[in-house]
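As structure tokens, the structure follows; a few thoughts come after it.
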Amino acid sequence: MALLEMNGVRKRFGGVLALDDASLSAAGGEVHALLGPNGSGKSTLNKTLTGVVVPDRASITIDGSPVAIHGPRDAHAHGVAAVYQQLSVVDDLTVTQNVVLGLEPTRRLGLLDRRAARTVAAEVLTRFSPAFAGSVPYDAAVGALSPGEQQIVEICKALARRPRILVLDEATASLHKEQVHVLFEVVRELRDSGVLVVFTSHRMDEVFALCDQATVLRNGRTVGTIALADATEDQLVHMMVGDVERREEARRSHASDRTVLQVRGLTTQRLRDVSFSVAQGEVLGLGGLQGQGQSDLLLAMFGAAKIHAGEVLYDGVPLPLTSPVKAARAGVALVPGDRGRQGMFAVRPIQENLSIASMHRRATARLALSQRAERRAARGIVERLNIVIGGLADRISTLSGGNQQKVVIGKWLLNEPRVVLLDDPTKGIDITAKEEVYAIIRELADSGAAVVFNSSDNRELLEMSDRVLVLFEGGVVDELTDAQVTEEDLVASALRLEAGETL
Amino acid sequence: MNTPVISSLRPPKVLSPVVLAAGLAIALLIVGEIVSPGFAGHGQIVNMLRVSAFLGIIAIGQTIVIISGGEGIDLSVGKVATFAAIIGSRVMDGDNTKLLPALTLALTVAAAIGLCNGLGITYLRIPPFVMTLGMIGVVQGLILAYTSGQAHGRAAPFLTSLVNGKVIFDLPGLLFLWLLLAVAVTWMLRRTTYGWQLFAVGANRVSARLSGIPVRRTVILAYVLSSVFAGLAGILLLGYTESVFLDLADQYMLPSIAAAVIGGTLLAGGIGGYAGTAIGAVVLTVLQSLLITLEISAAGRTVINGLVLIVLLSLYGRQRRLRT
Amino acid sequence: MNPAPPGTREPAPATLAHWWGRLRDIQVSGTATVAMLVVVIAVNVALQPNFFDQYALTSNFATFVPLVAIAVGQTIVVLSGGIDLSLGAQVTLASVVTVQLTDGELGNLPLALTAGLGVGVACGLFNGLVVVVARLQPIVATFATSFVFSGLALVVLPRPGGTMPSEFTSGYRDSVLGVPVALLAILAIAAGWLLLRRHRVTRHIYAVGGNAEAAFASLVPVARTRITAYVIAGMFASVSAFAILANTGAGDPFIGNELTLTSVAAVVIGGTALRGGRGGAIGSILGAIILALVSNIVFFADVPSTYRQLANGLVVILALALAGIPALQKRRSA
């Protein structure tokens, strides 16, 4: 009998339906993979189980009896513990304090029992001592640890709760090989003692190495559950992606021979000595594992990071890198990676979101705005980018993700940029909108702009870019220029490095 | 995630805070008229509007600062208004020809105080509440040092006649000045690049920075404007009282925030406008008149004002939940 | 404070997401606090040669206690990720209630002190509920409640007056085995903090202030913890009120107003980050003493009386600005 049954889970965040009739059924003593592309609702489903997200509708059964999970404490009462993708450790507390957080052993009057806390922490942490270079830093602040070590603390915190159901949401993302190895051993022991482990990872090899069953989500719905022993990677990928027509259209380079943009020795806290050049009309892709400096490079080129060394030239003239204000004025545009936090003004009208970067060009004395001119400019962009809106006075937050992103891009088009930097512009938007964004990028390049484009989606990266730079730990480690480059080559280039060095 | 139908996503139009505030003002007037006939008479209403004008003008700056976000607030407005009135009174000393120098000096000092607030908040990253609260102590110190504890001078006759005299339609000039300022500020917020940048900075500072907006400059200017409008209100208040006291406008601090909140300016920043604040100022003034009519003590009025602010904040200014 | 719009669930690149989040990630280092203390003591000794005499010490410590107590209370709220701008008003309210109930009679004292403590608890609870249940920003919510509390204080005691029994005031100025009672009070407050620090609630306060979402996901009762922080702060406000009454012997419905900002300044000087989760009350106690000694300096340095308030105001602003000066900041290990 299934230990855990989740059915008809539905959750809407504002305008986005994150889960729509998702389900999951898994037995004790198994490792159950929860798979799906970005934004398919895996994390939301996990958080529903752990009580961090309250679903609009759901029926959850544990051990055959229906349960109501209104918060993390309810989840804990039912034996659920979780490792979250975004860690739930408190940086300022020590390793021990984090492991026992919320369940601190106490003596009389609620005074903390430090020795008991240390014992609890040691029980789970000693297993991972190789991961801490031999000695576990029980009394170090978690914020001072490396990302991998913080991840281990997060895992140990979940283990210390002695769960019957353990959720591991991208728990291996920042671990290196040996750490993953220890984690897998522990997970297998838990499985053998009857615990259900729900495992989410984007690394397919891990899924096949560890998991017994896999449930696949797509667009917030459960597509199906499959036993991994008789499944192939292709089958899984097909379940996740669905029937997608592979675009046959080959990359057509419109790049001229004239190099316009030159980056020389750019070094920041997170970048080391990055140099490259971009020709007029060229789309330069940034690839590699995500978080290896791609976003940092784009921010630095936009003057939004402190530059230690290096310069960026346009037509031989240095671009100002000291502030985004100057960069924008010099004709650089940045479509940032986190639309909500970095790109748009959620509570402001679409009109203002579109006008904000370029309105001084149309204003009298750079101050007085003409409503007619602003409206005309905004309407032009709305039509040109085919943005679906109710009215310009509506808040941008009323739009779908794809249309929001088009507004963010449109904001910069009005400024007629010479250099366009795009940080994963299609993340979390639907297929149709993606295609439209691709068309905009091509159009920009065709009109002569130098385009630098980061993407977490290797397929689109290859389809869109004339060349791809592979980044690792803040440096350029490979350049793929061959038009025949395949997705496999790109993945290999990114992963070869990962295998070679440890994070 | 298919492209949803946009119209279905638009939130249902609720009554705007501006309309609600106006309704509240009228309701209070009706209650007053019932409790004490004559409360809503023509003369009374003109007088209440005139008293509202001082608060309304101080609240201009408060509105701008709150819109600028980042927990923006200016607690020093009352003290700055007082200081400006003290400077103005001493410089003009009942002489019309010295009105302009007095105004210039008072507003320059006010602007300098606002600049200090803005610099401390943006460059030293002192939370606005703390910075401007600390500034109260400094300005109070400046007042004591400047006056040696004794206020001097009096208002120029022209200033007094502007504030108190009937100009057109039997209405005091102050009301026309307030109307003019209201139009100007609304134009600034809605039809200038600075206004749109201010809303953008208040709505999302990271996005603002990454859209090429000079965030710090925008925020600093907001605090400078706040002090300047406070200073202007102080000078006008001087015209009303003719002579100055050391705590002339101090009590405007809380109402200036409350007026903005009543008018629908969100303390989170990025949303709001001046029309609502102006009506908010009227609401508060009518409320005070009503409480006085009901013979509630000053202490009781303070308690009620605090409670009113809490209730209003709960209606408009709630934070998001941890559990989503 | 904007609601997270759709499509923002993914983790943001660390560089910029934290750029503005660092707004209040500022903290004076412990060394800087101690250095400041040494400097102000040295200046005090230079200006006031009898600084270490029994009488001078006793009267100095007597004036430190109210500020020390309220600074500890403020620290606890700040650690929880909040701020309490009503603490000064709570001190006022607790003191006027206590003085009215005492009515100069020693016999009334136990009841009056209990009531005074109850006032602190009630105010803290009210603040906690407004912040947590009504979900208002602490800074504005407590600002609004400060008007409620100070208005109530005026209702209880419309003008300065009332007396405390002489035993109460003279006892406070006394000394036990050569140690001033006021110093003992400060040591007791410090000891109280050290005990509190070992309590589960304080651990939770640190966790909630450091990362409320993580704490919530880790089974910490976030709402209850926040409310508790305000209640504890209210209790310290009551202690502060008792010290003021012992020091002045009479009630004053405006006495606490100045204390609020000074308590925030003491917290900052003491090295507790205003963003919460990091620091401690020992630093704030030192910070409070530093600030008190600075006003001593202003007093003994023959600053003309009309400039004294300006000097004090500037000191507070400078102290707050200290936290913004990079050299004095303790940086997060990058």
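Here is how names work: the chains are called A, B, and so on, in the same order as the sequence lines, proteins then strands, and each is numbered from 1. Hydrogens, waters and symmetry mates play no part in the numbers below; they use all other heavy atoms, side chains included.
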How long is the span from the CZ atom in B:F129 to the CD1 atom in C:I83, to the nearest 0.5 Å? 9.0 Å
Does atom CZ (B:R217) have a neighbourhood of more than 12 heavy atoms from anything else shown, all under 6.0 Å? no
Determine the option with the most heavy-atom pairs under 4.5 angstrom with chain C, choosing from B:I310, B:L75, B:T147. B:I310
Report yes if the side chains of C:I317 and B:M131 come closer than 4.5 Å at any heavy-atom pair, otherwise no. yes
Quick check on the interface: out of C:V264, C:V130, C:L85, C:T260, who has the most heavy-atom pairs with chain B under 4.5 Å? C:L85
Determine the option with the most heavy-atom pairs under 4.5 angstrom with chain C, choosing from B:G120, B:G69, B:S297, B:S148. B:S148
Distance in Å, B:M135 CE paired with C:L314 CG, rounded so as to fall on 0.5 Å steps: 8.5 Å
Contact winner vs chain C - B:L254, B:V130, B:L307, B:N305, heavy-atom pairs under 4.5 Å: B:L254
Enclosure of C:Y307 OH (heavy-atom neighbours >12, cutoff 6.0 Å): no
So which heavy atom on C:L310 is nearest to which on B:V138, and how close? CD1-O, 3.4 Å
Under 4.5 Å, counting heavy-atom pairs only, tell me which of B:A145, B:G300, B:C116 racks up the most with chain C. B:A145
So what's closer than 4.5 Å to chain C heavy atoms on B:I304: side chain, backbone, both or neither? neither
Distance in Å, B:L144 CG paired with C:R308 CZ, rounded so as to fall on 0.5 Å steps: 11.0 Å
Heavy-atom pairs under 4.5 Å with chain C - which of B:G137, B:G306, B:A299 has more of them than the others? B:A299
Would you please test C:F143 and B:M253 for side-chain contact (heavy atoms from CB on, under 4.5 Å) and show each step? CA-CA 11 Å; C:F143 177 62; B:M253 182 227 285; 3.1 Å; yes
Max heavy-atom pair count under 4.5 Å with chain C, selected residue of B:G149, B:G134, B:A298: B:G134
Could you tell me which of C:V140, C:L152, C:V155, C:V316 has the largest number of non-hydrogen atom pairs under 4.5 Å with chain B? C:V140
If you round to the nearest 0.5 Å, how far is CG of B:L133 from CG of C:L261? 4.5 Å
Side chain, backbone, both or neither: which part of B:I257 has a non-hydrogen atom closer than 4.5 Å to chain C? side chain
C:E258 atom CD, over 12 foreign heavy atoms within 6.0 Å: no
Atom of B:E71, atom of C:I139 and distance for their closest heavy-atom approach: OE1-CD1, 4.4 Å
